[in-house]
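Residue numbering restarts at 1 for every chain, and letters A, B, ... go by the order of the sequence lines. Just so you know, these numbers use all the heavy atoms, side chains as well, and skip hydrogens, waters and symmetry mates.
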There are 2 protein chains.
Amino acid sequence: MGTPELTKNQSLVMGALTHAEGPMSAYTILDKLRDHGFRAPLQVYRALDKLLEYGLVHRLESLNAFVACSCPHDHEHDHGVTAFTICEGCGQVTEFHDEAIEQRLSALVRAQSFKTEKTTIEIRGHCKSCA
Amino acid sequence: MGTPELTKNQSLVMGALTHAEGPMSAYTILDKLRDHGFRAPLQVYRALDKLLEYGLVHRLESLNAFVACSCPHDHEHDHGVTAFTICEGCGQVTEFHDEAIEQRLSALVRAQSFKTEKTTIEIRGHCKSCA
DNA sequence: TGGCGCATGTAATGTTATTACATCAATTGC
DNA sequence: GCAATTGATGTAATAACATTACATGCGCCA
Ligand SMILES: [Zn+2]
Ligand SMILES: [Zn+2]
Ligand SMILES: [Zn+2]
Ligand SMILES: [Zn+2]
């Protein structure tokens, strides 16, 4: 089953994230959407929950912020482990994927008999421009 | 230069984390240390900042919690990239290190001309017992 | 002695996320 | 048609996590 049609609130939140330069906190999204009738955090969090579930949005744990997925979502595409570089200077976030990392992590947790549900990889530092 | 002597507050926080079964939030630590004179969050956060700096404690970003480093700190020992498995069932956290992951990530960010300052790897799921 | 650095104490505030409860609309089964 | 169910929404209140601002105490040393 693919991604269902987005509801009004989900579309608004998705739009805000898509048009943003970088990641946004839930409360920043709320402020951006006040003109569209948003009044309470829960409206944002509920939409984000669904967007995360559909894989359209990622949560950056080390930032408590959210970013639109940078991959095409036209066709079904379950993009395994997602990693990010996050620049402390300009805030730029780059999403990337690597099969080798994924396999290595998979082997390591299997050795622990651990069952993975979600993997977070976030690299904080400085991008080329901000070095 | 090695780790300096810990101050009174740093020792108390370190002790709380060391004796705990698993990770603790800053406010949980605060509560544990009320009997020892702790009254405000800042006392905990200031101690944690130093302990993180010395590498004695790790922050779990996806949990907003802190855990004592499981490696020996007798001799100087800069333990590169740290990864964790975190069980959603029992809360058990396992710290591990892997040279292959480290090198692969290093190569990937170098290709972006990105300069890494801190790497977060956290795997949420279920441990052997909680599967 | 005075200045400095650094750990500390305390209060207030800021930021992020959830719980609880009510309403509304679409769908389903009778 | 009409209850029952499901899922989206609205609103308020509260909980959980973290920082800012300002004041005090203490060791060190020029
Ligand atoms: Zn993505
Ligand atoms: Zn940058
Ligand atoms: Zn460690
Ligand atoms: Zn477990």
Side-chain angles (χ1 to χ4, degrees), chain A residues 1-17 20 22-54 56-67 86 88 91 118 120 122 124, chain B residues 1 3-17 20 22-54 56-67 86 88 91 93 118 120 122 124:
Chain A
M1 40 137 278
T3 301
E5 283 299 298
L6 298 185
T7 66
K8 177 158 160 287
N9 285 1
Q10 289 160 19
S11 295
L12 285 167
V13 169
M14 192 67 215
L17 283 172
M24 300 173 86
S25 77
Y27 279 76
T28 304
I29 295 170
L30 175 57
D31 285 340
K32 292 274 182 207
L33 294 179
R34 294 223 184 255
D35 294 345
H36 296 272
F38 274 47
R39 318 239 90 226
L42 203 50
Q43 294 175 284
V44 177
Y45 283 110
R46 285 202 275 230
L48 285 172
D49 281 348
K50 287 298 182 183
L51 295 172
L52 289 167
E53 180 186 329
Y54 303 152
L56 299 175
V57 163
H58 299 290
R59 176 185 170 83
L60 299 172
E61 301 288 353
S62 67
L63 245 39
N64 292 331
F66 303 85
V67 68
I86 302 171
E88 311 268 2
K118 176 164 194 318
T120 297
E122 297 177 17
R124 304 283 292 263
Chain B
M1 42 137 277
T3 302
E5 283 299 298
L6 298 184
T7 67
K8 176 158 160 290
N9 284 0
Q10 288 159 21
S11 296
L12 286 167
V13 170
M14 191 68 214
L17 283 172
M24 300 173 87
S25 77
Y27 279 75
T28 304
I29 294 170
L30 175 56
D31 285 339
K32 292 272 183 208
L33 294 179
R34 295 226 184 252
D35 294 345
H36 297 271
F38 274 47
R39 319 238 88 228
L42 202 50
Q43 296 175 282
V44 177
Y45 283 110
R46 284 203 274 231
L48 285 172
D49 282 348
K50 288 296 182 183
L51 296 173
L52 289 167
E53 180 186 328
Y54 303 152
L56 298 175
V57 163
H58 299 291
R59 176 184 169 84
L60 300 172
E61 301 288 354
S62 67
L63 244 39
N64 293 331
F66 304 85
V67 68
I86 303 170
E88 312 267 2
V93 170
K118 177 164 195 315
T120 298
E122 296 177 18
R124 306 284 292 266

Walk me through it: do B/M14 and B/V57 pass the test side chain to side chain contact (heavy atoms under 4.5 Å, CB included)?
-> CA-CA 8 Å; B/M14 191 68 214; B/V57 163; 3.8 Å; yes

Is A/Q43 near enough to D/dG10 that one of its side-chain N or O atoms lies under 4.0 angstrom from OP1 or OP2?
-> yes

Choose from D/dT11, C/dT8, D/dA18 the nucleotide whose nearest atom is closest to any side-chain atom of B/N9.
-> C/dT8

Spacing of B/L42 atom CG relative to C/dA11 atom C1', expressed in whole Å | 11 Å

Trace of the side chain to side chain contact (heavy atoms under 4.5 Å, CB included) decision for B/F66 with B/L52 = CA-CA 9 Å; B/F66 304 85; B/L52 289 167; 4.1 Å; yes

Under 5.5 Å between ring centres and under 30° between planes: true for A/Y45 and the base of C/dT18?
-> no

Side-chain donor/acceptor contact of B/R46 with base of C/dG9 under 3.5 Å = yes

Does any donor atom in the side chain of B/E122 or B/S62 lie under 3.5 Å from an acceptor atom in the other side chain?
-> yes

Rounded off to whole Å, could you give me the CG-to-C1' distance for the B/L63 and D/dA16 pair?
-> 13 Å

Given atom CG of B/L30 and atom P of C/dT10, what is their separation to the nearest angstrom?
-> 12 Å

Write down the distance between CG (A/L60) and C1' (C/dT16), rounded to a whole number of angstrom.
-> 15 Å

Ignoring backbone atoms, test whether A/R59 places a side-chain nitrogen or oxygen under 4.0 Å from the OP1 or OP2 oxygen of C/dA17.
-> yes

Take atom CZ of B/R39 and atom P of C/dA12, then tell me their distance rounded to the nearest Å.
-> 14 Å

With centres under 5.5 Å and planes under 30° as the test, does A/Y27 stack with C/dT15?
-> no

A/L48 CG to D/dA8 C1', in whole Å, measures 15 Å

Reckon B/T7 has a side-chain N or O less than 4.0 Å from the OP1 or OP2 of C/dC6?
-> no

For A/E53 and D/dG7, give me the distance from atom CD to atom P, rounded to whole Å.
-> 11 Å

Evaluate the criterion side chain to side chain contact (heavy atoms under 4.5 Å, CB included) for residue pair A/R46 and A/N9; output intermediate values, then yes/no.
-> CA-CA 9 Å; A/R46 285 202 275 230; A/N9 285 1; over 6 Å; no

Quick one: on DNA chain C, does B/P41 or B/K8 contact a more 5' nucleotide (nearest heavy atom)?
-> B/K8

Among C/dA17, D/dA12, D/dA8, find the nucleotide with the atom closest to the side chain of A/K50.
-> D/dA8

Interatomic distance where CG belongs to B/D49 and P belongs to D/dT20 [whole Å] = 11 Å

Would you please confirm or rule out a distance under 4.0 Å between OP1 or OP2 of D/dA18 and any side-chain N or O of B/N64?
-> yes

Are A/P41 and A/L30 close enough that some pair of their side-chain heavy atoms sits under 4.5 Å apart?
-> yes

